[in-house]
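Just the heavy atoms: all of them, side chains too, but no hydrogens, waters or symmetry mates, feed the values below. Whatever order the structure lists ligands and atoms in, that order sets their numbers, starting from 1.
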Amino acid sequence: MTLALPAAAATPSHAVYSSAGDRAAEKAFVDALMAKMTLEEKLGQLNQPRGLGSNTGPAAMAADDAQIAAGAIGSILGSHGAERTCRLQRVAVEQSRLGIPLMFASDVIHGHRTVFPVPLAESASFDPEEVRIAARHAAVEASAHGIHWTFAPMLDISREPRWGRVVEGAGEDPYLGSVMAAARVRGFQGDDLAAPDTLLATAKHFVAYGAAEGGRDYDVADISERTLHELHLPPFKAALEAGAESVMASFNEVAGVPMHAHRGLIEGLLREQWGWDGILVSDYTGVMELIPHGVAGDREDAGRLALAAGVDIDMVSEIYLKDLPAAVREGRVPMAQVDASVRRVLNAKFRLGLFDDPYRYCDVQRQEALTLNPEQRAAARRMAQKSFVLLENDGDVLPLSKSLRTLAVIGPLADNRHTMLGNWAVAGRVEDTVTPIEGLQAALGDRTRLVVVKGAEIEGDDTSGFDEAVRAAQSADAVVMFLGEHPEMSAEANNRTSLDLPGVQQQLALAVAATGKPVVVVLLNGRPLSIGALQGRVPAILEAWYPGVEGGHAISDVLFGDVAPSGKLPMTFPRNVGQVPIYYAHKNTGRPPRAEEKYTSKYIDVHWTPQYPFGHGLGYTTFGYDQLKVERAKLALAAPEQRVSVRVTNTGKRAGTEVVQLYLRDDVASFTRPVRQLRGFERVTLQPGESKTVTFELGFDDLSMLDASLKPVIEPGTFTVFVGGSSSATAEAGFEVTEQ
Ligand code: BGC
């Protein structure tokens, strides 16, 4: 059922235009509309105030009806709900002079009401199809709640676990990041942007935000052009190739130029070189921040620089709206720049089908049917199961038996609902979540007695609960501990200088483990942690991230072996924070680390290797690799196609899924190359004793590197392929690329 609308409003004056995919119709429509617009109305389209809630910076003015009616607002950040957005839409369509519909934007980062695992967790699944499905569910649900436009996916590659925002991205690797970027964009945008259940996707934050110095949010990214192109840009390219219609500028500067004023990268690279024609939105007060960055003297200057750089929409600074009219009239800002941005905003509204029917997202019955329904919950549970990474499982402590008499459940996060949601769960509600304890109860029923003891808080130095925790462990057949970070230790402006478990949680784990009972630590957190002290003492460690509304059930599914863990780390886990940055795709250097040689690249107090490498993750069975073959020992430059195959065998006693990973090294090149780079992966499910041959196709993109002018080229020479279950894979083979 569509909300009842007044007859006149149901057919806005310009509803004769249709066919949102038709670019000629779009141009004709937008031309005609722009011809009627005043300067103020145009700048209104570029103005995005906040709705209710959402403040991730200085308090900003919330959108009000009078401004909407005056045509001073083009889109709104953070308003959702079919009824509420529809009411605002009605003001825009019925009361503003030209009746241009609003776009409602929101941070739909990992689900809407049905909160899915955080993006870093989803990435750990190495399952782009499941990730696409998760984004699809998010789009269906969020669009039913009146949202047109999501500020996701976040594509910042980062090797900096101190940075809280690593939880929002796909991790440290540009290849994995690109695959996930495309999957998410396809999920959000579907096949038809004009369908009422798709969202405009935003590739953010453009660009190199993940390289912020010291892991401090908003800080400087002083990186080489090569690093920019090799590491940070690929996921953006992948997202735009997958059709992303919007990009958000990042808060950081890149080599001296704040991204909100970076004409070279926005107008130059995105639009001219890559030919992308979507909308570029500022980040929250990003335009205004050009003043403290020190490149703009005042508000007008900031607006002038941002617009010239190609930033179309001013999120909450209200500079375009208030400070640009005089600047345009007096010739300091070219009208053509305003027009170009307005055109892109109107194009987006056209592509969403809003001019055909601005009320297409106003169906409250649809909203009800598509909120937290069983199908959505099942998808969230499946995504969570696939995202968990088994870090340790000494003596096959896991899976646990369901016929335990007593299970001790210890730790500050065992019944913490907020931790299930994680951060950026804008529409998520704690009451929708299944906690770890609820999951255990559902899985075990009355057969098992649960002894629940908190033992310690997340933070602080109070150890007074330790004795009770130890007693509970002693009295139990097995122990599951829920430890980690609360969500406010992760995501924006939540950076840490320590990667240790906060508070006294590590001590608690060690005290409980000293009982000698089978102890499982389940980690709930949003970044790589330094947990080396647990290794060898706590037999099983399961990284469960912030797992979403179905987290409790998914954790039990894996703990009791109904589902085997299959996730792999999307970021390296260091031994301690002093090793950061530490990542698998590093360069060899002239003095690669060697234990017996002092003058090599390493530390004197800690081994140079990480605690857990990128791609690491155990299952409940084991896998063997053999018969690694490269199809051609020599390849000609002109036909750089290679096929690599390997036989994978389940060598254990249980069925399981392995993520088979292929890494490549360009052995000698005119620029230094990483020691290995992920170039392919595949999830393979095998029964005990079963084998499968997995084949990877390699082509130009895999074998090429950037030459001195940053153009991709393949250089003749040898390449080494590594295949296995993590970035430390040892099975290797080689081939040569020849001139002929
Ligand atoms: C964040 C963005 C987000 C925006 C709107 C900013 O603080 O950096 O990622 O989309 O707020 O909520």
**Residue of the set E485, E459, E160 for which salt bridge (Lys or Arg N to Asp or Glu O under 4.0 Å) holds with R496** = E485
**Asked** So, S158 and D156: side-chain donor and acceptor under 3.5 Å apart, yes or no?
**Response** no
**Request:** Would you check if the distance from the ring center of F614 to the ring center of Y583 is below 6.0 Å?
**Result:** no
**Request:** Return the set of residues passing ring-ring contact (aromatic ring centres under 6.0 Å, His included) with H205 (not counting sequence neighbours), or none when no residue passes.
**Result:** Y209
**Prompt:** Would the H112 and H145 ring centres measure less than 6.0 Å apart?
**Reply:** yes
**Prompt:** Would you say Y209 has any N or O atom under 3.5 Å from an N or O of ligand 1, going by distance alone?
**Reply:** no
**Prompt:** Based purely on interatomic distance, does D107 place a nitrogen or oxygen under 3.5 Å from a nitrogen or oxygen of ligand 1?
**Reply:** yes
**Message:** Using a plain distance cutoff, I'd like to know if Y284 has any nitrogen or oxygen under 3.5 Å from a nitrogen or oxygen of ligand 1.
**Reply:** no
**Request:** From the options T285, V316, T150, D283, select the one whose nearest heavy atom is closest to atom 4 (C) of ligand 1.
**Result:** D283
**Request:** May I ask you to check if ligand 1 and R165 share an N or O to N or O distance below 3.5 Å?
**Result:** yes
**Fill in**
Honestly, for T202 the part within reach of ligand 1 (heavy atoms, under 4.0 Å) is neither
**Request:** With sequence neighbours excluded, give me every salt bridge (Lys or Arg N to Asp or Glu O under 4.0 Å) pair touching residues 250-259.
**Result:** none
**Message:** Below a 4.0 angstrom heavy-atom separation, can you tell me which part of H205, side chain or backbone, both or neither, approaches ligand 1?
**Reply:** side chain
